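Down below is the structure, laid out as structure tokens.
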Amino acid sequence: MNVILLKDVEKLGLRGEVVNVARGYARNFLLPRNLAEAATEGRVKEVKRIDAQKAMHEARSTEQANEIAETLGKLVLRFDVKSGPTGSLFGSVTTTDIADEIWRIRKIRVDRRKIGVDNIKRIGRYTVPIELFEGISAEVKLMVVPEGGELPPEEELAAMEAAEAAEAAAAAAATAPAGGVDESEWEIVEDGVVLDEAAVVEVEENAAGEIDDVVVIEETVEESDAAEAAVEPADETTEPESAA
């Protein structure tokens, strides 16, 4: 089933692209969440028309690319986003968001796939490279700001990120099983026989020496008892034979 993406969908595509997906995936996930719409003939034509109009405003020569790079270099894009107390976003700022904001402010079209940043998931200040033309790039400054507030200093941002990392480490430790497994207490079983430490070392050394036929000899409890019984001395207090 063909759908038009209304938002960027990770591992699927960017907003405005026509993609083919399983019908159940579209009906049960993409469409109910307003991530996509059905790719009717009319809507596909409309999307292509809008894209073609924007394409007229992208760099088509070295001279145009240099002019655009100069313009973009003066921009500071601001994104006011919802975030948590440690600076993590409830969502992310995507390359599509960046391209849309450049278009909104300066009516300059940039290729979203040539914006050199992954999805931004923390508040902060960013410098993002954008390839405009062969051999020509621009750098755009971004401010990802908590909604209703302002960006704290860099030192505070670093402290917030460190606090989040500490919380994640503590949560991971809390879910880990109590105590550890002492490898010295492991039992190695070979053909139903529990091998002692010396036998295990012998097997490992032989394996390292690439010996094809390794035989580990280990007495079982029953074999050990039988061997002891075989060498047990005779009772010296036997009664003397009676005289005939």
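Start at 1 with the first residue, then count along the sequence. What you are looking at is a predicted structure, and each value in this text was computed from that prediction instead of being measured.
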*May I have all residue pairs that pass ring-ring contact (aromatic ring centres under 6.0 Å, His included) and include part of residues 89-123, sequence neighbours excluded?*
H57-W103
*Sidechain-backbone polar pair: N66 side chain, E63 backbone, donor-acceptor under 3.5 Å*: no
_For the CD atom of E134 and the OG1 atom of T62, what is their distance to the nearest 0.5 Å?_
8.0 Å
*Might you work through the side-chain contact (heavy atoms from CB on, under 4.5 Å) test for L75 and R106, ending with a clear yes or no?*
CA-CA 9 Å; L75 287 182; R106 288 291 182 267; 3.8 Å; yes
Distance-only check: which donor-acceptor pairs under 3.5 Å involve side-chain atoms of residues 20-27, not counting sequence neighbours?
| residue | atom | partner | partner atom | Å |
| --- | --- | --- | --- | --- |
| N20 | ND2 | N2 | OD1 | 3.0 |

*May I have all residue pairs that pass salt bridge (charged side-chain N to carboxylate O under 4.0 Å, His left out) and include part of residues 29-39, sequence neighbours excluded?*
E37-R43
*Indicate whether the side chain of T94 and that of D8 have a donor and an acceptor atom separated by less than 3.5 Å.*
yes
_Between T71 and I68, is there a side-chain heavy-atom distance shorter than 4.5 Å?_
no
I'd like a table of donor-acceptor pairs (distance under 3.5 Å, sequence neighbours excluded) in which one partner is a side-chain atom from residues 81-89, with atom names and distances.
| residue | atom | partner | partner atom | Å |
| --- | --- | --- | --- | --- |
| T86 | OG1 | E164 | OE2 | 3.4 |
| S88 | OG | R122 | NH1 | 3.3 |
| S88 | OG | E164 | OE1 | 3.1 |
| S88 | OG | E164 | OE2 | 2.1 |

*Quick one: CG on L12 to CG on L35, what's the gap to the nearest 0.5 Å?*
9.5 Å
With a cut-off of 3.5 Å and sequence neighbours excluded, list every side-chain donor-acceptor pair involving residues 147-163.
| residue | atom | partner | partner atom | Å |
| --- | --- | --- | --- | --- |
| E150 | OE1 | R78 | NH1 | 3.3 |
| E150 | OE2 | R78 | NH2 | 3.3 |
| E154 | OE2 | R125 | NH1 | 2.8 |

*Decide yes or no for T127 and V140: does some side-chain heavy atom of the first lie under 4.5 Å from some side-chain heavy atom of the second?*
no
*Can you name the residues that form a ring pair (Phe, Tyr, Trp, His ring centres under 6.0 Å) with Y126, not counting sequence neighbours?*
none
*asked:* Any salt bridge linking R15 with D100? Criterion: basic side-chain nitrogen under 4.0 Å from a carboxylate oxygen.
replied: yes
*Hey, could you give me the CD1/OG distance between I130 and S137, rounded to the nearest 0.5 Å?*
9.0 Å
